Participant: 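Please read through the structure below; I'll follow up with questions.
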Number of protein chains: 2
Amino acid sequence: MKLNPSPFKETPEEAGSLILERFVPYRLSVLSNTVSRAIARIYAERFDLTIPEWRVMAQVGRHGRLTASDIIGLTAMDKVRVSRAVARLTAAGRVEATSDAADRRRQVLALTAAGRRIYREIVPLALEREARLLDALEPKECQALDRLLAKLQARASTLAPHGEGELAEPD
Amino acid sequence: MKLNPSPFKETPEEAGSLILERFVPYRLSVLSNTVSRAIARIYAERFDLTIPEWRVMAQVGRHGRLTASDIIGLTAMDKVRVSRAVARLTAAGRVEATSDAADRRRQVLALTAAGRRIYREIVPLALEREARLLDALEPKECQALDRLLAKLQARASTLAPHGEGELAEPD
DNA sequence: GGATATTAGTTTCATATGAAACTAAATCCA
DNA sequence: TGGATTTAGTTTCATATGAAACTAATATCC
């Protein structure tokens with residue numbers, strides 16, 4: 001299969017040379033980290049929440065009762081990260097874990113009243129941040145972004161070791 | 001200023017609710033990490049290089065003689081990360097650091113012969129991975145991606161604590 | 001000239017990460 | 001039934017990270 005040359009290095013001098021600032025994996029990494037940092041700050045400062053914890057709360061807040069395994073499937077995080085996030089959330093009284101009577105290996109998770117309160121507070125803030133980011137784009141560009149992210153994720157998952165995935169650092 | 005509502009949650013039931021899988025910061029994070037993982041594997045397995053080291057080599061390989069400060073400006077990495085990457089690269093004999101006679105706080109970095117050899121080997125592999133990723137897109141979409149990444153990065157930098165930036169983890 | 005403030009880069013320290021090993025509970029299957 | 005395998009989740013351990021403190025050299029200001 002002939003690969004589509006990147007449109008970013010069309011000029012002849014650039015063919016075969018690598019300019020990091022135009023290298024898409026690098027750009028994605030820097031962008032993702034800039035955005036994450038901005039959002040993580042809200043979670044951390046106002047709610048003492050890490051990103052893994054936020055993801056757990058987002059899923060439990062939306063879906064109701066979930067097990068850790070469900071969350072692993074829903075959040076692209078590995079089980080160690082989920083386990084630790086859940087441990088911290090339960091310690092903080094934001095999530096309650098009750099062991100499933102039908103299968104006592106499983107813990108069914110649900111937000112506590114305090115957890116729900118925080119959830120209701122965070123969601124608008126998170127949406128507002130996202131809106132502020134997307135506000136840099138025209139509505140059509142937003143739709144294009146949606147499609148591009150989906151296509152790239154699908155492709156990237158086939159290139160990755162395991163499938164899709166999350167890790168701590170980037171290029 | 002009225003914020004443009006995200007086009008991904010137009011349906012009324014979704015307004016004000018947050019679906020993580022559609023949340024752009026989350027999607028960016030997962031995509032970036034999937035891509036990074038796939039590329040980092042090449043660097044690590046074949047060359048025993050970390051991503052920070054790869055970035056340093058990419059910049060020194062392209063620009064010739066640079067100081068650590070130059071690299072900080074060019075790579076969105078903080079000085080600790082650059083310092084460690086450079087230390088490992090010099091220990092491995094891939095980069096040579098000579099202290100600048102004019103300002104002896106500075107170390108001027110350059111690839112050694114071994115470093116250049118590796119650099120020439122990696123660049124095509126990295127470009128090939130990028131091409132394989134972008135090959136999921138139409139040429140027009142590639143151009144759109146280029147523009148979207150630029151716009152989003154510009155906006156994100158204004159939302160972030162410091163400016164643009166890199167960190168270890170994401171949402 | 002010489003005290004003070006900056007700048008380049010390194011080290012320390014506390015925290016986050018994930019692969020691999022582990023524990024406990026189900027499930028398989030003979 | 002009862003041993004072997006799988007699955008849910010936790011713990012261990014080695015590594016990566018970055019804020020803050022630090023060192024050394026230069027620039028500034030009087």
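Letters go in sequence order (proteins before strands), and every chain restarts at 1. No experiment lies behind these values; they were computed from the predicted model shown.
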Participant: CG of B:Asp103 versus P of D:dT23: gap in Å, rounded?
Facilitator: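 Value for this atom pair: 19 Å.
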Participant: Among the candidates D:dT10, D:dA19, D:dA25, find the nucleotide nearest to the side-chain atoms of A:Lys79.
Facilitator: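 Selected nucleotide: D:dT10.
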Participant: Measure across A:Leu20 and B:Ala58 and return the closest heavy-atom pair with its distance rounded to 0.1 Å.
Facilitator: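 That would be CD1-CB, 4.2 Å.
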Participant: Near DNA chain C, counting only heavy atoms under 4.0 Å, which residues of residues 82-93 of chain B show up?
Facilitator: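 Residues of residues 82-93 of chain B that come under 4.0 Å of DNA chain C are, in numerical order, B:Ser83, B:Arg84.
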Participant: Tell me whether the side-chain N/O atoms of B:Arg104 come closer than 4.0 Å to OP1 or OP2 in D:dT26.
Facilitator: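 It does, given that an N or O in the side chain of B:Arg104 lies less than 4.0 Å from OP1 or OP2 of D:dT26.
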Participant: Rounding to an integer number of Å, can you tell me how far B:Gln107 CD sits from D:dA24 C1'?
Facilitator: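 These atoms are roughly 12 Å apart.
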Participant: Does OP1 or OP2 of D:dT10 have a side-chain N or O of A:Arg106 closer than 4.0 Å?
Facilitator: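 It does not, given that no N or O in the side chain of A:Arg106 lies less than 4.0 Å from OP1 or OP2 of D:dT10.
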Participant: Between D:dA16 atom P and B:Leu49 atom CG, what is the distance in whole Å?
Facilitator: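 For the pair B:Leu49 CG and D:dA16 P, the rounded distance is 13 Å.
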Participant: Do B:Gln107 and B:Thr98 have side-chain N/O donor and acceptor atoms under 3.5 Å apart?
Facilitator: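 Distance-only check fails for B:Gln107 and B:Thr98.
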Participant: To the closest 0.5 Å, what do you measure between CD1 (A:Ile71) and CE (A:Met57)?
Facilitator: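 The CE atom of A:Met57 is 11.0 Å from CD1 of A:Ile71, to the nearest 0.5 Å.
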Participant: How close or far is atom P of D:dA16 from atom CG of A:Asn33, stated in whole angstroms?
Facilitator: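 Rounded to the whole Å, the gap is 17 Å.
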Participant: Give a yes/no answer on whether the side chain of A:Arg37 brings an N or O atom under 4.0 Å of OP1 or OP2 in D:dA19.
Facilitator: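 Yes, because at least one side-chain N or O of A:Arg37 sits under 4.0 Å from OP1 or OP2 of D:dA19.
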Participant: Go through it in stages, so that I can follow the logic: the residues are B:Arg132 and B:Glu128, the test is salt bridge (charged side-chain N to carboxylate O under 4.0 Å, His left out), and I'd like the CA-CA distance, side-chain angles, deciding distance and then a yes or no.
Facilitator: CA-CA 6 Å; B:Arg132 217 185 265 284; B:Glu128 190 266 352; 2.6 Å; yes
Participant: Would you mind reading off the distance between A:Arg41 atom CZ and D:dA19 atom C1', rounded to a whole angstrom?
Facilitator: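 Computing the A:Arg41:CZ to D:dA19:C1' distance gives 15 Å.
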Participant: Look at B:Asp146 together with A:Arg27 and state whether they make a salt bridge at an N to O cut-off of under 4.0 Å.
Facilitator: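 A salt bridge is present here (some side-chain N lies under 4.0 Å from a carboxylate O).
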Participant: If you assign A:Asp100 and B:Asp70 each to the DNA chain C nucleotide with the nearest heavy atom, which residue ends up on the more 5' nucleotide?
Facilitator: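 The residue closer to the strand's 5' end, by nearest nucleotide, is B:Asp70.
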Participant: Calculate the interatomic distance between B:Asp78 atom CG and D:dG18 atom C1'; express it in whole Å.
Facilitator: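 Going from B:Asp78 (CG) to D:dG18 (C1'), I get 6 Å.
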Participant: Report yes if a donor N or O on one partner sits less than 3.5 Å from an acceptor N or O on the other, where the partners are the side chain of A:Arg81 and the base of C:dT17; otherwise report no.
Facilitator: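 No pair found.
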Participant: Rounded to whole Å, please give me the gap between CG in B:Leu109 and C1' in C:dT10.
Facilitator: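 After rounding, the gap between these two atoms is 14 Å.
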Participant: When only distance counts, do a donor and an acceptor, one from the side chain of B:Arg105 and one from the base of C:dT7, lie under 3.5 Å apart?
Facilitator: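 For B:Arg105, whose side chain was compared with the base of C:dT7, there is a donor-acceptor pair (under 3.5 Å).
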Participant: Write down the atom of A:Val123, the atom of B:Gly16, and the distance for their closest heavy-atom approach.
Facilitator: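 Result for this residue pair: CG1-O, 3.5 Å.
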Participant: Would a hydrophobic clustering, with Ile, Leu, Val, Met, Phe, Trp and Tyr connected at side-chain separations under 4.5 Å, put B:Ile72 with B:Leu89?
Facilitator: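 Yes, one cluster joins them.
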Participant: Nearest-Å distance, CD1 (A:Ile51) to C1' (C:dT15)?
Facilitator: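 Going from CD1 in A:Ile51 over to C1' in C:dT15 covers 14 Å.
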Participant: Look at A:Ser69 and D:dT7 and indicate whether a side-chain polar atom (N or O) is within less than 4.0 Å of OP1 or OP2.
Facilitator: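 The answer is no; no side-chain N or O of A:Ser69 sits under 4.0 Å from OP1 or OP2.
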